[in-house]
Each structure stands twice: as structure tokens, then as C-alpha cells.
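To start, the structure under review is shown below, and the notes come after it.
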Amino acid sequence: TTVMPFIIRGVKLWGIDSVMLSKKRREFVWSQVSSLVDFQLLEKNIKIVNLESLLNIFPEMLKGKTSGRTLVDLSK
């Protein structure tokens, strides 16, 4: 996939350029993530659903009436 849909929507993308950074630098940056990201806040914005529930949620997604992230758990 490409990052263009994110750029168009003004989404900030966080990551590490794994091609251009040394392994030591990547390890340092990833070690700092826990101090930069509020994981409790992220968890509040994640909804876990099964595949059957997704059929009910998907039309709302298409209308832009959902927020956060929806995780589909295929084992449910």
C-alpha cells in the first residue's frame, strides 16, 4: 500500500526509515516510543469485533460515522 491516502487526509505517520537508519539508531528510536505514545489513550480508540459484526459496522464506516480503529478478530 502507499502512504498517499494518509497524506491527503493530513494524518501524521510515525515510523522508522529502516533502509536509511543504522540498526543501533532504529533500536534507540523504538526504545523511546513508550515515552512518546499514550498507549492507554490508543486502547480507548480501538474496537475489537468479529467478522459478523463487521457487516453491521462497515456501512457506518463508509458514511464516516465511526472513529478510532476497528480490529477484526477472526478467532471470534
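Predicted model only: the values in this text are computed from it and were never measured.
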Legend entry - Leu71 with Val49, same ILVMFWY side-chain cluster at under 4.5 Å: no
Legend entry - side-chain hydrogen bond (donor to acceptor under 3.5 Å, both in side chains) partners of Ser75, counting only residues at least two apart: Asp73
Legend entry - Gln32 atom CD: more than 12 heavy-atom contacts under 6.0 Å: yes
Inset, instruction - Starting at NZ of Lys47, measure out to CD1 of Ile57 and round the result to the nearest 0.5 Å. - result: 4.0 Å
Legend entry - Ser53 and Asn50 side chains, donor-acceptor separation under 3.5 Å: yes
Inset, instruction - Nearest 0.5 Å please: distance from the OG atom of Ser31 over to the CZ atom of Arg26. - result: 13.0 Å
Legend entry - Shared hydrophobic cluster for Trp30 and Leu36 (ILVMFWY, side-chain gaps under 4.5 Å): yes
Legend entry - Listed once per pair and sorted, the side-chain hydrogen bond (donor to acceptor under 3.5 Å, both in side chains) pairs that draw on residues 36-46, sequence neighbours left out: none
Legend entry - Same apolar cluster (I L V M F W Y, side chains within < 4.5 Å links), Val11/Ile7: yes
Considering only distance and modelled atom types, tabulate donor-acceptor pairs under 3.5 Å from the side chains of residues 58-65, sequence neighbours left out.
none

Inset, instruction - Measure the spacing between CG of Leu74 and CG of Leu51 and express it to the nearest 0.5 Å. - result: 6.0 Å
Inset, instruction - Tell me, with the steps shown, if Phe28 and Leu21 meet side-chain contact (heavy atoms from CB on, under 4.5 Å). - result: CA-CA 11 Å; Phe28 168 75; Leu21 288 179; over 6 Å; no
